[in-house]
Amino acid sequence: MHDARTANLLGATVLALSDQLLAGATRSVGVSASAAAALVVLSNSTGLSVTELGRRVGLSQPAAARMVDSLEADGLVERHRSRSRWVTVSLTRTGRRSARRLLSARGGPLTDVIADLEPQEREALSDLLSKLLTRLYGEIGSSELICRLCDRAACTTEATCPVGAAERAASR
């Protein structure tokens, strides 16, 4: 019975945090959740095709094309035609600023929710979340999809990203 309660508490926590961080992040730049993820992805990987960008944010190619059309109309991204006829997408200066604002707005609720934890509790939570993310990578198999709204620097500056580590281990 305790496992069911723990799982239920985790589910409620994940959903509440997801609602808070998505609402704040999308409101900060006035875009949808998928578009917000696209801005963050492009801030880490410039020059992606529309299809690849869609894959990384969990959209079909037609849906990704519509999203890119909207972001381009808002002046947040621009398309570039390459020599091989591929069309790549990159952030404009406004798009880069928006991605930074978005990550800042996303981080607020997450920082707030752990503020009441003692340092050793935060470290234990970090270890547990790393273990859960490693397991989730095994099921999802895409670090890009899992980390589509991640602040990469926050996860890799002082430690190793558990999702990236799981991906490297799977490719061996």
Side-chain angles (χ1 to χ4, degrees), residues 7 10-72 74 76-79 86-91 95-96 98-111 113-114 125-157 159-172:
L10 177 61
T13 303
V14 167
L15 189 57
L17 278 173
S18 178
D19 290 347
Q20 281 188 330
L21 76 91
L22 282 175
T26 57
R27 190 174 38 252
S28 74
V29 293
V31 297
S32 68
S34 295
L39 293 174
V40 172
V41 167
L42 287 170
S43 73
N44 292 304
S45 303
T46 190
L48 298 175
S49 70
V50 173
T51 302
E52 178 60 17
L53 179 60
R55 187 187 70 73
R56 291 186 185 194
V57 301
L59 294 176
S60 67
Q61 196 283 331
R66 287 189 301 274
M67 176 193 62
V68 170
D69 288 343
S70 177
L71 289 171
E72 190 173 36
D74 291 342
L76 299 172
V77 302
E78 54 193 6
R79 287 181 167 101
W86 279 101
V87 174
T88 61
V89 182
S90 62
L91 293 175
R96 284 190 297 279
S98 294
R100 285 191 298 271
R101 264 195 336 268
L102 197 148
L103 284 173
S104 178
R106 169 206 167 272
L110 300 174
T111 302
V113 79
I114 63 170
L125 179 60
S126 179
D127 292 343
L128 292 170
L129 293 171
S130 293
K131 193 171 189 175
L132 293 175
L133 284 166
T134 299
R135 165 96 193 272
L136 288 169
Y137 175 81
E139 293 177 19
I140 296 168
S142 171
S143 64
E144 295 297 339
L145 192 57
I146 293 170
C147 298
R148 67 188 178 274
L149 274 172
C150 281
D151 180 348
R152 305 267 170 126
C155 199
T156 60
T157 301
T160 300
C161 171
V163 178
E167 185 170 61
R168 287 187 296 279
S171 68
R172 289 186 199 139

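Here the structure is a predicted model, which means the values were calculated and not measured.
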Rounded at 0.5 Å granularity, tell me how far CG in Leu76 sits from OG in Ser98.
4.5 Å
List the atom of Ala105, the atom of Pro109, and the distance in Å for their closest heavy-atom pair.
O-CD, 3.1 Å
Check whether any side-chain heavy atom of Val50 lies under 4.5 Å from a side-chain heavy atom of Gln61, and answer yes or no.
yes
Let me confirm one number: the CG-CG distance from Leu48 to Leu53, rounded to the nearest 0.5 Å.
6.0 Å
Tell me, do Thr134 and Val163 make a side-chain contact under 4.5 Å, heavy atoms counted?
no
Would Thr51 and Arg55 count as a side-chain contact (heavy atoms from CB on, under 4.5 Å) if you check the C-alpha gap in whole Å, the side-chain angles of each, and the deciding distance to 0.1 Å?
CA-CA 6 Å; Thr51 302; Arg55 187 187 70 73; 5.8 Å; no
Can you give me the closest heavy-atom contact between Leu71 and Ala35, atom names plus distance?
CD2-CB, 3.8 Å
About how many Å separate SG of Cys155 and CG of Leu133, when rounded to the nearest 0.5 Å?
8.0 Å
How long is the straight-line distance from CG of Leu110 back to CZ of Arg106, given to the nearest 0.5 Å?
5.0 Å
Please answer whether the main-chain N or O of Arg101 pairs with a side-chain N or O of Ser104 as donor and acceptor at a distance below 3.5 Å.
no
Spell out, as yes or no, whether a donor-acceptor pair under 3.5 Å connects the side chain of Arg96 to the backbone of Leu91.
yes
Please determine whether salt bridge (charged side-chain N to carboxylate O under 4.0 Å, His left out) holds for the pair Asp69 and Arg79, giving the CA-CA distance in whole Å, both sets of side-chain angles, and the decisive distance to 0.1 Å.
CA-CA 9 Å; Asp69 288 343; Arg79 287 181 167 101; 2.8 Å; yes
Between the main-chain N or O of Arg168 and the side-chain N or O of Ser171, is there a donor-acceptor pair closer than 3.5 Å?
yes
Examine distances only and state if a side-chain atom of Ser18 and a backbone atom of Leu15 form a donor-acceptor pair shorter than 3.5 Å.
no
Rounded distance (nearest 0.5 Å) linking atom CZ of Arg27 with atom CG of Leu102
11.5 Å
Answer yes or no: is there a side-chain heavy-atom contact under 4.5 Å between Ser142 and Ile146?
no
With sequence neighbours excluded, give me every salt bridge (Lys or Arg N to Asp or Glu O under 4.0 Å) pair touching residues 138-147.
Arg56-Glu144, Arg135-Glu139, Glu144-Arg152
If you take all heavy atoms of Ala36 and Val31, which pair is closest and at what distance?
N-CG2, 3.6 Å
Could you go through Val40 and Leu103, starting from their C-alpha distance and side-chain angles, then the distance that decides it, and tell me whether this counts as side-chain contact (heavy atoms from CB on, under 4.5 Å)?
CA-CA 8 Å; Val40 172; Leu103 284 173; 3.9 Å; yes
Separation between CG of Leu149 and CG of Leu22, rounded to the nearest 0.5 Å
6.5 Å
Gly47 and Ser90: which non-hydrogen atoms are nearest, and at how many Å?
N-CB, 4.2 Å
